[in-house]
Amino acid sequence: MNELLQDLKFRGLINQVTDEAGLEELLNKESIKLYSGFDPTADSLHIGHMLPILTLKRFQLAGHHPIALVGGATGLIGDPSGKKAERTLNTEDIVQQWSDSIKNQLSRFLDFEAEVNPAEIANNFEWLGKMTITEFLRDVGKNFSINYMLAKDSVKTRIESGISFSEFTYMILQSYDFLKLYKNEHCKLQIGGSDQWGNITAGLELIRRTETDAKAFGLTIPLVTKADGTKFGKTEGGAVWLDREKTSPYEFYQFWINADDRDVVKYLKYFTFLSHEEINALEKEVQDAPEKRAVHKRLAEEVTAMVHGREALDQAIRISAALFSGDIKALTGEEIKQGFKDVPTHEASAKDIGLIDLLIEAGVSPSKRQAREDVSNGAIYINGERQQDLNYVLQGEDRIDDEFTIIRRGKKKYTMVKY
Ligand SMILES: N[C@@H](Cc1ccc(O)cc1)C(=O)O
């Protein structure tokens with residue numbers, strides 16, 4: 001058995017393979033080129049994209065050459081696979097901009113400097129962008145029968161609700177990419193999410209029809225599912241992005257820490273490079289002492305360090321600990337902003353405001369009487385410091401970075417006061 005395929009199987013990373021025995025033979029024989037494509041449908045990739053990226057990386061670590069393809073052209077059209085409705089088109093400028101940011105993100109995961117098997121980046125705008133309509137229809141489109149195309153899930157499921165000619169032809173564009181990379185780069189394998197099976201096999205069909213003695217393969221990765229049935233990768237705040245401006249390293253870390261006990265081992269297998277032995281040991285730990293959440297922590301550490309680096313991970317851990325204990329004094333203003341992004345905010349009516357007045361206008365305490373009680377009982381904290389003086393007036397030193405103050409009532413109720 002091939003070691004890489006064995007690893008992918010152990011991790012549950014294989015959904016379908018076009019010809020497993022053939023692929024195994026090939027992987028045992030040579031170091032191959034493989035690719036996966038990413039359409040710029042937003043200014044950042046999100047954690048749903050991580051599985052194909054990390055799978056490319058697993059191939060690279062096993063000695064193969066990964067090509068990460070940015071869909072500068074396909075992103076202008078829109079893949080109907082797995083989509084219930086037609087997409088709205090984005091402008092060429094926007095797609096160009098998004099292609100650049102996605103390219104940068106992809107570059108963080110793969111090794112482009114490796115001596116023998118460096119990763120490569122490609123952009124299908126380079127060939128599809130230049131192609132003329134007559135070339136497309138004569139050289140590529142002629143190889144696809146309408147029947148074949150109508151039978152694909154991506155099209156079949158949309159016949160009733162509607163699909164444009166543009167999205168209908170998407171599979172041909174992606175097929176042409178595979179053919180192009182197969183011919184020019186000897187790229188013999190395309191991988192992608194399970195919804196990409198139709199597009200990948202269409203590419204294989206095109207290669208088979210146009211190349212003699214062609215041998216290429218497709219492999220899909222499962223869709224990440226969650227034990228509670230909700231969609232993976234979404235939080236209340238929306239998608240979990242790989243761009244730290246959109247999802248801070250602290251939020252990113254929290255996402256993994258909060259994984260369901262039933263999902264955590266699966267995520268370790270999917271998203272980390274820990275050894276099988278280590279994962280098996282951690283699996284035992286979840287079964288024996290799930291309440292310790294040590295395995296969740298380990299998962300969050302591994303993935304956050306990989307995506308955002310060691311320093312950002314340390315910061316995320318410090319913010320989490322400070323928020324948990326309520327002692328935020330040691331945090332910087334930036335760290336507090338990350339940690340308190342989702343707490344209610346209140347715009348203070350004045351800078352040097354009396355504490356009781358502030359508690360009332362910010363809705364921290366429901367009434368004046370309660371506000372006074374809260375303060376004298378010691379339930380009120382200003383930036384992590386208890387304040388029991390009923391006549392206390394907030395001053396400059398209570399404003400972090402001269403911008404905001406964190407008020408806490410009781411154990412967990414936080415409010416960010418801005419000026
Ligand atoms: N269709 C893929 C992206 C892709 C684009 C071009 C390719 O050649 C391959 C894959 C997706 O939407 O996820």
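Scope of the values below: all heavy atoms of this structure, side chains included, with no hydrogens, waters or symmetry mates. Note that ligands are numbered from 1 as they come in the structure, with each ligand's atoms numbered from 1 the same way.
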Presence of salt bridge, [Y] and [X], under 4.0 angstrom:
{"X": "Lys246", "Y": "Asp43", "result": "yes"}
{"X": "Lys83", "Y": "Asp195", "result": "no"}
{"X": "Arg310", "Y": "Asp314", "result": "yes"}

Need the ligand 1 atom indices (1-based, order shown) with element for anything under 4.0 Å from a heavy-atom of Leu69.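 So the atoms of ligand 1 that pass are 6 (C), 7 (C), 8 (O).
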List every atom of ligand 1 that sits less than 4.0 Å from any heavy atom of Gln190, numbering the atoms from 1 in the order shown and giving each element.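 Near Gln190, meaning under 4.0 Å from one of its heavy atoms, ligand 1 has 9 (C).
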Taking atom types as modelled and ignoring hydrogens, do the side chains of Asp261 and His296 form a donor-acceptor contact shorter than 3.5 angstrom?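 Per modelled atom types, Asp261 and His296 side chains form a pair under 3.5 Å.
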Tell me, yes or no, whether the heavy-atom count around Glu92 atom CD, taken from other residues, nucleotides or ligands under 6.0 Å, exceeds 12.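 At most 12 heavy atoms, drawn from other residues, nucleotides or ligands, come within 6.0 Å of this atom.
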Any N or O on Tyr170 sitting closer than 3.5 Å to an N or O of ligand 1?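 N/O-N/O distance under 3.5 Å: yes.
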Can you find an N/O atom of Asn124 closer than 3.5 Å to an N/O atom of ligand 1?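 N/O-N/O distance below 3.5 Å does not exist for this pair.
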What are the two closest heavy atoms between Pro66 and Asn117, and how far apart are they?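 Pro66 and Asn117 have their closest heavy atoms at CD-O, 4.4 Å.
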Compare every heavy atom of Tyr253 with every heavy atom of Ala316, then report the nearest pair and how far apart it is.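 Taking Ala316 first and Tyr253 second, the nearest heavy atoms are CB-CB, 3.7 Å.
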Please state which protein non-hydrogen atom is closest to [atom] and give its distance, to 0.1 Å?
{"atom": "atom 3 (C) of ligand 1", "value": "Gly37 O, 3.5 Å"}
{"atom": "atom 12 (O) of ligand 1", "value": "Asp79 OD2, 3.2 Å"}
{"atom": "atom 11 (C) of ligand 1", "value": "Gln196 NE2, 3.3 Å"}

In this structure, does ligand 1 have an atom that sits under 4.0 Å from one of the heavy atoms of Tyr35?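 Within the 4.0 Å threshold, so yes.
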Between Thr74, Asp177, Ile77, which one has a non-hydrogen atom sitting closest to atom 8 (O) of ligand 1?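 Checking each option, the heavy atom nearest atom 8 (O) of ligand 1 is found in Asp177.
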